[in-house]
Amino acid sequence: MADLPMTVRADGLPERVTIYEVGPRDGLQNEQAIVPVAVKAGFVRRLVAAGLPIVEATSFVHPRWVPQLADAAELMTELGYEGRDLPVLVPNERGLDRALELGLRHVAIFGSATETFANKNLNRTFDEQFAMFEPTVSRARGAGLDVRAYVSMCFGDPWEGAVAIEQVVAAGTRLLDLGAGQLSLGDTIGVATAAHVTALVAAFADAGVGTDRLAMHFHDTYGQALANTYSALQAGITTFDASAGGLGGCPYAKSATGNLATEDLVWMLTGLGIEHGVDLDAMVATSTWMAAQLGRPSPSAVVRALGGAG
Ligand code: HMG
Ligand code: MG
């Protein structure tokens, strides 16, 4: 299958995109079983070796809230120097302190577009979340760190239902105003559809936030992630979050399932002739290996089609 998919370029799409891999973090935070640190380190190393330019490694959140990632410090210590440039989630100053102690250089805060999810995921009201992030971002920036911000529930919320586009833009611009460099728009429960993506990107543009500062973070719960990605490409987005083998979810949003699979994204980008720098065979081998570690097949259509369901 080395010469497939055939490459047929479409007008008006970007020449290259950056894939921001979230498998070790978004993928493994939602696994029932606790994955051993050595396996996590092996997973991260394989992803880097497959050509992924950014691999989000873990989260410095409260270990009781996400026991699956309670070994964050051990993992980053195990990765040593090669882990320094991998981003990690930090919700607050305590998480930042833990990342700084290890000499890490890239952190990501994660806010919510809705009141209910701010409460469930961060134990804060909508407004209180910004009060928690403000000193976190200013201290991170002061220490020379690069800060990404996520905003969750951008396309719908399992408790509140529809989420107004203006509300998402308001939350996102508040996170950027704190000093975050990039904003990743999270479809936490996978309910986005293609024109909704176009409308949200346009609303950010109207608010002065261009596509160079935005990333898209699609979960594939309703099978829309690739269609939404294509729509975002047409709107000029060039950074896409994805998870090896389609692992993923959020322990505080039960209706969240796996992220857009990195392999599915790579297949589509290759067909479109968009540069991404990722070795698909190495990805499929990695997800097949990880599926064997987790004891269940990968949900990625491309991993399955290429014979590596695990
Ligand atoms: P809290 O209970 O309100 O914390 O939790 P607190 O500030 O009241 O502190 C209570 C105690 O926890 C204190 O200890 C703190 O030191 C300690 P004590 O003084 O009582 O001994 N503590 C910590 N310990 C270790 N690391 C920390 C930390 N912070 C406080 N960072 C908190 C608030 C934010 C910590 C909690 O709600 C939490 O950890 N939430 C994380 C939830 C999470 O990780 N969710 C999944 C990631 S988000 C996601 O998946 C969505 C995304 O993929 C995008 C999308 O799909 O939309 C990004
Ligand atoms: Mg997510």
Side-chain angles (χ1 to χ4, degrees), residues 20-31 56-74 76 87-102 104 107-114 116-125 128-133 135-136 139-140 147-158 163 168 171-172 175 180 182-192 200 214-221 225 228 239-244 246-262:
Y20 183 110
E21 170 66 43
V22 296
R25 193 280 301 170
D26 208 337
L28 298 186
Q29 77 181 7
N30 210 39
E31 286 297 319
E56 192 171 80
T58 187
S59 296
F60 287 88
V61 295
H62 196 297
R64 265 200 314 276
W65 282 64
V66 185
Q68 292 89 339
L69 304 183
D71 58 4
E74 271 171 271
M76 298 317 288
V88 296
L89 292 195
V90 298
N92 55 14
E93 289 186 271
R94 176 79 188 98
L96 176 66
D97 287 338
R98 293 171 62 205
L100 288 173
E101 276 163 29
L102 292 162
L104 306 184
V107 293
I109 57 167
F110 47 102
S112 170
T114 68
T116 311
F117 191 63
N119 188 263
K120 291 194 182 288
N121 200 44
L122 296 165
N123 201 24
R124 297 291 182 276
T125 65
E128 282 168 356
Q129 65 178 335
F130 300 102
M132 180 168 78
F133 295 141
T136 311
R139 282 187 48 216
V147 181
R148 172 185 238 222
Y150 287 93
V151 57
S152 287
M153 303 301 174
C154 290
F155 298 91
D157 172 295
V163 179
V168 178
L175 292 169
Q182 184 180 61
L183 186 70
S184 178
L185 303 177
D187 183 16
T188 320
I189 57 168
V191 292
L200 186 61
L214 297 176
M216 302 302 306
H217 179 102
F218 294 123
H219 284 258
D220 203 24
T221 321
N228 293 334
T239 301
F240 291 91
D241 300 358
S243 164
L247 298 171
C250 177
Y252 291 97
K254 289 300 171 208
S255 40
T257 62
N259 290 77
L260 166 62
T262 310

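Every number for a ligand or one of its atoms is a count from 1 in the order of the listing.
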| request: Check each atom of ligand 1 against the heavy atoms of Gly95 and keep those under 4.0 Å away; list them by number with element. | output: 31 (N)

| remark: Smallest heavy-atom separation, Val168 atom then Cys154 atom, equals CG2-O, 3.4 Å

| message | Need the ligand 1 atom indices (1-based, order shown) with element for anything under 4.0 Å from a heavy-atom of His219. | response | 56 (O)

| Which ligand 1 atoms, with their elements, are less than 4.0 angstrom from a heavy-atom of Phe60? | 27 (C), 31 (N)

| query | Are Arg148 and Asp241 ion-paired here, with the side-chain N under 4.0 Å from a carboxylate O? | reply | yes

| For Val66, the ligand 1 atoms whose distance to one of its heavy atoms is below 4.0 Å | 43 (C), 44 (O)

| message | On a heavy-atom basis, I'd like to know which of Gly186, Ala113, Ser152, Ser243 is closest to atom 54 (C) of ligand 1. | response | Ser152

| message | Within the 4.5 Å heavy-atom criterion, are Met153 and Thr188 side-chain neighbours or not? | response | yes

| task | Check if Arg64 has a non-hydrogen atom at a distance under 4.0 Å from any atom of ligand 1. | result | no

| request: Report the member of Val61, Ile109, Asn121 with the shortest heavy-atom distance to atom 40 (N) of ligand 1. | output: Asn121

| note | Closest non-hydrogen atoms of Val90 and Phe110, given as atom of the first, atom of the second and distance, are C-CE2, 4.1 Å

| message | Tell me the nearest of Arg25, His217, Arg94 to atom 58 (C) of ligand 1, using heavy-atom distances. | response | Arg25

| field | Atom name, Asp26 (N, O or S, nearest to the Mg ion (ligand 2)) | value | OD2

| query | Which atom, counting only N, O or S, brings His219 closest to the Mg ion (ligand 2)? | reply | NE2

| Can you tell me if Arg64 uses its side chain to pair, donor with acceptor, with the backbone of Ala70 under 3.5 Å? | no

| request: Any chance you could lay out the side chain to side chain donor-acceptor pair (under 3.5 Å) test for Asp26 and Ser243, step after step, and finish with the verdict? | output: CA-CA 7 Å; Asp26 208 337; Ser243 164; over 6 Å; no

| Proximal atoms of ligand 1 relative to Asn123 (non-hydrogen, under 4.0 Å) | 1 (P), 2 (O), 3 (O)

| query | Should the proximity of Ser59 to ligand 1, defined as any heavy atom under 4.0 Å, be assigned to the side chain, the backbone, both, or neither? | reply | neither

| query | Non-hydrogen atoms of Ala108 versus ligand 1: any pair closer than 4.0 Å? | reply | no

| Shortest non-hydrogen contact from Ala99 toward Val107 | CB-CG1, 4.2 Å

| Just which atoms of ligand 1 are under 4.0 Å from any heavy atom in Pro63? | 25 (C)

| note | Counting heavy atoms under 4.0 Å, the part of Asp26 that contacts ligand 1 is side chain

| said: If we set the cut-off at 4.0 Å for heavy atoms, which region of Pro91 has an atom near ligand 1: side chain, backbone, both, or neither? | reply: side chain

| query | Could you walk me through whether Asn30 and Gln68 pass the side-chain contact (heavy atoms from CB on, under 4.5 Å) check? | reply | CA-CA 7 Å; Asn30 210 39; Gln68 292 89 339; 5.9 Å; no

| said: Which heavy atom of Thr136 sits nearest to which heavy atom of Pro91, and what is that distance? | reply: OG1-O, 4.4 Å

| task | With heavy atoms under 4.0 Å as the rule, classify the contact between Asn92 and ligand 1 as side chain, backbone, both or neither. | result | side chain

| query | For the side chain of Asp220 and the backbone of Ala225, is there at least one donor-acceptor N/O pair under 3.5 Å apart? | reply | yes

| said: Taking the side chain as everything from C-beta on, heavy atoms only, tell me whether Leu247 gets closer than 4.5 Å to Leu28. | reply: yes

| remark: Between the CG atom in Leu89 and the CD atom in Gln29, the distance rounded to the nearest 0.5 Å is 7.0 Å

| task | Could you tell me which atoms of ligand 1, counted from 1 in the order shown, lie closer than 4.0 angstrom to a heavy atom of Tyr150? | result | 54 (C), 58 (C)

| For ligand 1, which atoms, with element, lie under 4.0 Å from some heavy atom of Leu122? | 33 (C), 34 (C), 37 (O)

